[in-house]
Number of protein chains: 4
Amino acid sequence: MPTTRLEAFSDGVLAIIITIMVLELKVPHGEDLSVLTPLLPVFINYVLSFVYIGIYWNNHHHMMHAVKRISGGVLWANLHLLFWLSLLPFVTGWMGENHFARLPTAFYGGVLLMAAIAYRILVVTIIREEGPDSLLAKAVGRDFKGSLSTAVYIVAIVLCFVFKQWAAQAIYGLVALVWLVPDRRIERILPPAR
Amino acid sequence: MPTTRLEAFSDGVLAIIITIMVLELKVPHGEDLSVLTPLLPVFINYVLSFVYIGIYWNNHHHMMHAVKRISGGVLWANLHLLFWLSLLPFVTGWMGENHFARLPTAFYGGVLLMAAIAYRILVVTIIREEGPDSLLAKAVGRDFKGSLSTAVYIVAIVLCFVFKQWAAQAIYGLVALVWLVPDRRIERILPPAR
Amino acid sequence: MPTTRLEAFSDGVLAIIITIMVLELKVPHGEDLSVLTPLLPVFINYVLSFVYIGIYWNNHHHMMHAVKRISGGVLWANLHLLFWLSLLPFVTGWMGENHFARLPTAFYGGVLLMAAIAYRILVVTIIREEGPDSLLAKAVGRDFKGSLSTAVYIVAIVLCFVFKQWAAQAIYGLVALVWLVPDRRIERILPPAR
Amino acid sequence: MPTTRLEAFSDGVLAIIITIMVLELKVPHGEDLSVLTPLLPVFINYVLSFVYIGIYWNNHHHMMHAVKRISGGVLWANLHLLFWLSLLPFVTGWMGENHFARLPTAFYGGVLLMAAIAYRILVVTIIREEGPDSLLAKAVGRDFKGSLSTAVYIVAIVLCFVFKQWAAQAIYGLVALVWLVPDRRIERILPPAR
């Protein structure tokens, strides 16, 4: 099976997720600046989640570029990833509406954690099929950055309960910044595709 | 007519259906765990419907891979399938909000039943055009699994009224599990596509 | 410019329009049959609008199949058509919520009328570019069916005010039935595309 | 990397943005003409924003047609543009609900301004990669029209505070009219693509 339709479906789902998050920015009643103040945390949160979906889309895009064929297992590993990402609008809205309270912050980290694990499962499923000598296997390698993110999300969730939730929020922002640099590992190894 | 645009449109509709279901998970007011409790049945239901849409997308993907050309009849059979699937968010929300009450559970089964029948009509319409010797006709064959699902949905709906609705819910979950294994019938017969 | 991206964008918009209409079917509170009764007109209306969007998608699909290249004018004629179709969820909801009252019924016809005119403008714009000897010009010809629909919508809107609105509703249903037969004119003339 | 998936994702996001704006046209309760009156400013605003998204889609379409390959930087510059455009439904709704009050009008202009800047960043990022002798660099040139729009949005925002907001609204409408003429600069230079 070629990858085109898997990419098209993932693009569709990610495009919808990234766009319906903006629906949590409810149009306020009133025309002065004060009606926007309660929306500020929701907005900041929207930016963070927008960047995260953007990161997943970029990395998905890069990875699929290196994949030649997919099986039923890959289709489900991909749907599993989309499932966790589809919960991002919910936790984004919950965290934003409660001004970054403890529990919503921890749940937000939980969804990020599950999405990171799902992405790893997708990578492993694809590599198992492409073979250990495939371009993708070489490009991704031990995936230090991915494993680090996973570990760091767990730390952030724990910090929500044993310390302060702002530490977790700072971590979410930092991880996003680190990933904003697209996954050069694949670009480096792959021959230029035309 | 090539199948590309039919696939693109179906991907779009399925991507939207799978994503707007998450909008039924209304962002709660309050920041403690208790506000999530009433959302639990809605969430469980969301998972079930997500899996069902995933199953339809996977099978649709596999089937269309074996189809060479489509006619106006196929376009409408496909829209008919999408129509019933588009009602899934509604019955998912209704069943979740009423904590799996009898009537919503039966209606959920009704939508699954109609979608299964619509899928069968789509398969038959395509096979009539591709011919009885086509790859698809051989791959799908008598469609034992599809007929069984249809029969089982009817049983589930009846059970809602003559017995208990949890039996129907267990059946919906079991059918989903059985179908999670993608449709190997087509993969087995088709030559590997590159 | 090739037509692929215009088709992809139109597919996306039509897929979203057809799916967000189901959001007007608000999940009711309560678990017995009586809570569904007020939704019945909304549901009937949803079916009608689903069929109309399906008709436009099918005809758009058939027509674009016969088009080789597009210009900026075609892009805007296409967006103009999508604009009127994007108002269909609004008038569908308004007509359904008011149990097919006079004014909403007339407005529904007004949106259908404007969409039919916009479709005609799109056809004319494309033919002007493809030339009078193009396949499309031959296939569409004088477009008797399109002109008839336009005239009939005007009759329906007038009937809302001088007679009863159920006559208009019957007309909307009849026109949909007539169009359900896809546009064979193009299929007849075009050589089979593989 | 080829441009196909970037185009598909952008098409998806723009299709959703253009369609969810219509959700701000809330279905009114009541069946006479008076219930539509308060919706009129929201509707006018919807038309304006629909045209703006259409303009961005058209120009994006034209530009990408001239691009051969994209890098990670381009992916992010494109997401940055989509981010600002995704805020258009919010400011459209806010401006419409408050009957074109001063602050919402200024914010609307602010989103248009940021989107124009983001588009310019995208163009510059692509040209840096394609080289100064590329078709795109020649076609876009000094981008007089783009720079003028940016300057004019700033003037409009200032006018909201030092004069009257209707002047800003008139400017938004005028700029849209000027851009409705698609970007012939690229069509002129590029050889006809078939």
Side-chain angles (χ1 to χ4, degrees), chain B residues 1-21 23-24 26 42 45 68-107 111 129 160 165, chain C residues 3-36 39 42-43 46-47 49-62 64-66 179-188 190 192-194:
Chain B
M1 298 255 154
T3 63
T4 45
R5 211 177 150 188
L6 179 109
E7 293 179 68
F9 185 72
S10 308
D11 282 357
V13 172
L14 292 176
I16 298 159
I17 291 173
I18 217 170
T19 323
I20 63 173
M21 280 193 303
L23 293 177
E24 284 301 321
K26 301 253 164 57
V42 183
N45 234 0
K68 296 244 167 34
R69 58 171 189 163
I70 50 169
S71 65
V74 173
L75 293 181
W76 279 107
N78 191 61
L79 275 168
H80 179 234
L81 170 64
L82 294 177
F83 174 77
W84 289 108
L85 293 177
S86 81
L87 295 178
L88 209 55
F90 174 77
V91 285
T92 301
W94 197 36
M95 183 161 136
E97 267 211 3
N98 293 289
H99 301 78
F100 305 102
R102 176 167 297 188
L103 201 71
T105 303
F107 264 80
V111 167
E129 226 154 286
C160 285
Q165 65 262 35
Chain C
T3 63
T4 46
R5 211 177 150 188
L6 179 109
E7 292 179 69
F9 186 72
S10 308
D11 282 356
V13 172
L14 292 177
I16 298 158
I17 291 173
I18 218 170
T19 323
I20 63 173
M21 280 193 302
V22 90
L23 293 177
E24 285 302 320
L25 274 176
K26 302 253 163 59
V27 173
H29 299 287
E31 54 184 83
D32 50 286
L33 212 56
S34 66
V35 300
L36 293 185
L39 287 176
V42 184
F43 178 73
Y46 172 59
V47 176
S49 296
F50 191 99
V51 170
Y52 266 111
I53 297 285
I55 288 165
Y56 273 101
W57 182 73
N58 270 8
N59 287 341
H60 195 269
H61 181 97
H62 275 76
M64 283 301 158
H65 197 62
W179 278 102
L180 260 178
V181 185
D183 206 325
R184 304 270 175 198
R185 289 172 298 180
I186 292 174
E187 261 183 64
R188 212 172 41 222
L190 277 183
R194 283 279 195 153

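Quick note on labels: first sequence line is chain A, next is B, and so on, each numbered from 1.
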Between NE2 on residue H61(C) and CG on residue L6(B), distance to nearest 0.5 Å: 7.0 Å
Residue among P89(B), S10(B), G93(B) with most heavy-atom pairs under 4.5 Å to chain C: G93(B)
Exam field: side chain W94(B) to backbone G30(C), donor-acceptor pair closer than 3.5 Å: yes
Distance in Å, I18(C) CD1 paired with I16(B) CD1, rounded so as to fall on 0.5 Å steps: 9.5 Å
pair E31(C)-R102(B): side-chain heavy atoms closer than 4.5 Å: no
ring-ring contact (aromatic ring centres under 6.0 Å, His included) partners of F83(B), counting only residues at least two apart: Y46(C), F50(C)
Under 4.5 Å from any heavy atom of chain C - which part of L79(B): both
Shortest non-hydrogen separation from F90(B) to L39(C) and the atoms involved: CZ-CD1, 3.6 Å
side-chain contact (heavy atoms from CB on, under 4.5 Å) evaluation trace for I20(C) with I20(B): CA-CA 8 Å; I20(C) 63 173; I20(B) 63 173; 5.5 Å; no
Heavy-atom pair with the smallest gap, counting every atom of D11(C) and A8(B): OD2-CB, 3.9 Å
Gap separating the CG atom of L103(B) from the CG atom of L33(C), nearest 0.5 angstrom: 5.5 Å
Distance, nearest 0.5 Å, that separates CG of L82(B) from OG1 of T19(C): 8.0 Å
Value rounded to 0.5 Å, distance of CE in M64(C) from CZ in R5(B): 7.0 Å
Over all atoms of both residues, closest heavy-atom pair of L36(C) and F107(B): CD1-CZ, 3.5 Å
V35(C) portion near chain B, given a 4.5 angstrom heavy-atom threshold: side chain
Distance, nearest 0.5 Å, that separates CD1 of I55(C) from CG of L75(B): 12.5 Å
Minimum heavy-atom distance between G12(B) and A15(C), given as atom pair plus value: C-CB, 4.0 Å
